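A quick note: this is a predicted structure, and the numbers were derived from the prediction, not measured.
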2 protein chains.
Amino acid sequence: MSRILLVDDDTQLLRALRINLSARGYDVLTAADGGTALTLAARTPPDLVIIDLGLPDLDGVTVVEGLRGWTRTPIIVLSAREAEAAKVAALDAGADDYVTKPFGMDELLARVRAALRRATAHDAGPAALTTRDFTVDLAARRVTTAAGAEIRLTPTEWHLLEILARHPGKLVGHRHLLHEVWGPAYDTETNYLRVHFANLRRKLEPDSAAPRYIRTEPGLGYRLTPD
Amino acid sequence: MSRILLVDDDTQLLRALRINLSARGYDVLTAADGGTALTLAARTPPDLVIIDLGLPDLDGVTVVEGLRGWTRTPIIVLSAREAEAAKVAALDAGADDYVTKPFGMDELLARVRAALRRATAHDAGPAALTTRDFTVDLAARRVTTAAGAEIRLTPTEWHLLEILARHPGKLVGHRHLLHEVWGPAYDTETNYLRVHFANLRRKLEPDSAAPRYIRTEPGLGYRLTPD
DNA sequence: GTACGGCGTGAAGAACGCGTCAAGATCACC
DNA sequence: GGTGATCTTGACGCGTTCTTCACGCCGTAC
């Protein structure tokens with residue numbers, strides 16, 4: 001799991017945080033002042049740093065700058081200071097987030113999750129919808145077969161598929177589809193939907209006569225079922 | 001500069017934010033409800049989203065989930081709700097930050113800077129893109145053949161190629177390309193794209209009649225496929 | 001049984017987007 | 001002030017895509 005470096009001279013708070021973070025499965029390192037924080041971070045690089053602004057030796061902002069000199073590890077700053085200038089200074093020094101004391105533990109944990117998610121999202125796959133027979137890559141705007149071959153779609157076909165793919169499993173009404181693709185003036189042209197979905201099925205469905213993914217809800221609309 | 005999508009039904013606040021952000025050189029889009037926010041974001045992808053939780057049509061968290069279905073654009077949530085549960089829900093839905101109203105403008109701007117800084121440092125991507133026939137060196141602004149000979153590109157050609165190379169494999173829309181190279185006033189001049197991409201293909205593609213790397217997606221845009 | 005509405009097909013012409021070429025216009029550089 | 005490169009603009013042919021219509025099928029209602 002992720003390693004978190006905790007920097008604070010308030011032993012009470014340090015203890016509380018350590019317990020809560022450890023309980024969530026995080027690997028926790030602690031430092032009571034800025035100097036040891038910097039050397040510790042250099043020796044065993046953490047995945048995230050939580051740092052209090054009020055340290056005995058260095059200013060918290062200085063520590064943030066020190067870290068930012070060589071790493072982009074997420075940094076969450078804790079502080080009792082409400083002053084806006086302090087927040088701006090810390091954020092501009094390179095901090096990712098600024099939490100004012102007193103804070104709720106759940107909130108801090110959520111912010112920790114958000115920061116870590118961002119940092120690791122790097123390696124995560126692209127936003128896509130996958131079925132047994134094809135993959136809809138929404139980010140790249142591309143559809144590929146399970147084997148990896150590209151499926152060519154016309155603009156209208158893609159547009160329709162995109163709308164369904166953004167609401168997987170959900171029913172999308174005729175009006176919504178027509179509105180989105182053709183505009184408000186085409187609310188009644190359900191003909192268009194039939195023609196284009198027929199073409200889509202021919203390209204995507206293994207057996208377009210018995211659609212498995214692009215389902216018709218008679219009188220209502222269409223639905224894309226991932227599996 | 002960066003494009004920011006602002007979602008709020010409070011016209012007062014919307015106006016204040018728009019003015020402040022525009023003054024900092026950001027390109028600001030606005031939406032008054034969740035539905036238009038989602039379609040707007042899909043049509044012209046923003047670099048950052050600021051969204052109020054209390055919207056007339058959809059719950060803010062729903063909008064965050066809708067965006068996270070296909071993009072990792074930073075999202076800053078605004079809300080009058082102090083409740084910790086609301087913060088946790090929004091952050092876990094994929095939001096990057098949560099700011100409680102009333103907030104200081106300077107703080108929000110600092111958080112915007114922090115979010116954008118992260119995202120662009122992140123997106124920097126690879127410094128070069130290599131195919132079997134040529135190499136695009138983004139750092140050196142140079143294109144060379146596989147043999148190492150330099151390929152001379154005009155400024156416009158380079159600009160177009162650079163945009164494609166920064167999003168390898170992804171479809172880049174007409175509007176995005178025109179916006180980036182010629183500015184907002186040239187949204188409909190797809191003619192330019194055809195001419196310049198034809199020239200690019202003549203210089204890069206082994207057989208410009210059957211393009212292998214610079215692919216056309218009719219009606220949508222272009223795509224650079226490394227192999 | 002029959003009429004009807006909704007759906008899926010197929011095929012036609014119209015409309016559109018694309019690549020190409022070539023001729024000015026513009027710009028940078030000498 | 002001239003020269004070459006680059007960008008803009010318009011026109012053309014071609015292939016693709018969209019629209020439109022007609023037809024057959026299948027349920028349900030009567």
Side-chain angles (χ1 to χ4, degrees), chain A residues 141 143 150-164 171-183 185-224, chain B residues 141 143 150-164 171-183 185-224:
Chain A
R141 289 205 163 196
V143 186
E150 180 168 356
I151 301 177
R152 278 179 43 83
L153 297 185
T154 71
T156 312
E157 285 162 11
W158 169 258
H159 206 160
L160 287 171
L161 181 62
E162 185 184 19
I163 298 171
L164 291 190
L171 170 68
V172 185
H174 290 147
R175 200 190 324 256
H176 185 217
L177 290 165
L178 289 165
H179 218 84
E180 197 80 21
V181 177
W182 284 275
Y186 292 76
D187 270 4
T188 58
E189 301 282 355
T190 55
N191 238 322
Y192 293 8
L193 297 178
R194 291 206 292 277
V195 173
H196 289 288
F197 274 118
N199 293 331
L200 258 177
R201 280 174 175 148
R202 263 192 281 278
K203 293 182 180 179
L204 297 180
E205 295 276 359
D207 177 11
S208 64
R212 194 171 153 186
Y213 304 112
I214 301 176
R215 293 269 176 87
T216 299
E217 302 286 341
L220 299 173
Y222 293 82
R223 178 200 309 276
L224 182 61
Chain B
R141 293 209 155 207
V143 187
E150 179 167 358
I151 302 176
R152 278 181 45 81
L153 297 184
T154 71
T156 311
E157 286 161 11
W158 170 258
H159 206 161
L160 287 171
L161 182 63
E162 184 183 17
I163 299 171
L164 292 189
L171 170 69
V172 186
H174 291 146
R175 199 169 334 227
H176 186 220
L177 290 165
L178 289 165
H179 220 85
E180 198 80 20
V181 177
W182 284 274
Y186 293 76
D187 269 5
T188 59
E189 301 282 355
T190 55
N191 240 322
Y192 293 9
L193 297 178
R194 292 205 291 275
V195 173
H196 289 288
F197 275 118
N199 293 331
L200 259 177
R201 280 175 175 147
R202 264 191 279 277
K203 294 182 181 179
L204 297 179
E205 295 276 358
D207 176 11
S208 64
R212 194 172 152 184
Y213 304 112
I214 301 177
R215 290 265 176 89
T216 298
E217 301 286 342
L220 298 173
Y222 292 82
R223 178 200 309 279
L224 182 60

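The interatomic distance linking L160(A) (CG) with dT17(D) (P) rounds to 15 Å, in whole Å. Between the C1' atom of dG17(C) and the OH atom of Y192(B) lies a distance of 17 Å, rounded to the nearest Å. The NE2-P distance, from H174(B) to dG17(C), rounds to 9 Å in whole Å. Atom pair E217(B):CD and dT16(D):P shows a separation of 15 Å (rounding to whole Å applied). Whole-Å rounding puts the L200(B) CG to dC18(C) P distance at 16 Å. For R201(A) and dG10(C), the CZ to C1' distance is 16 Å, given to the nearest whole Å. The nearest whole Å value for the distance from the CD atom in E157(A) to the P atom in dT19(D) is 12 Å. Per the geometry, CZ belonging to R194(A) stands 14 Å off P belonging to dT20(D), to the nearest Å.
Applying the 4.0 Å criterion to OP1 and OP2 of dG6(C), one finds that T216(A) has every side-chain N and O outside that range. For H196(B), a side-chain nitrogen or oxygen approaches OP1 or OP2 of dT8(D) to under 4.0 Å.
F197(B) places a side-chain heavy atom less than 4.5 Å from the side chain of L177(B). You'll find the side chain of N199(A) stays beyond 4.5 Å of the side chain of T156(A), heavy atoms only.
Looking at which nucleotide of DNA chain D each of R152(A) and N191(A) is closest to, the 5′-most match is held by R152(A). Along DNA chain C, the nucleotide closest to R202(A) and the one closest to P211(B) are compared, and the more 5′ of them pairs with R202(A).
Under the 30°/60° scheme for interplanar angles, the aromatic rings of W182(B) and H196(B) are found to be tilted.
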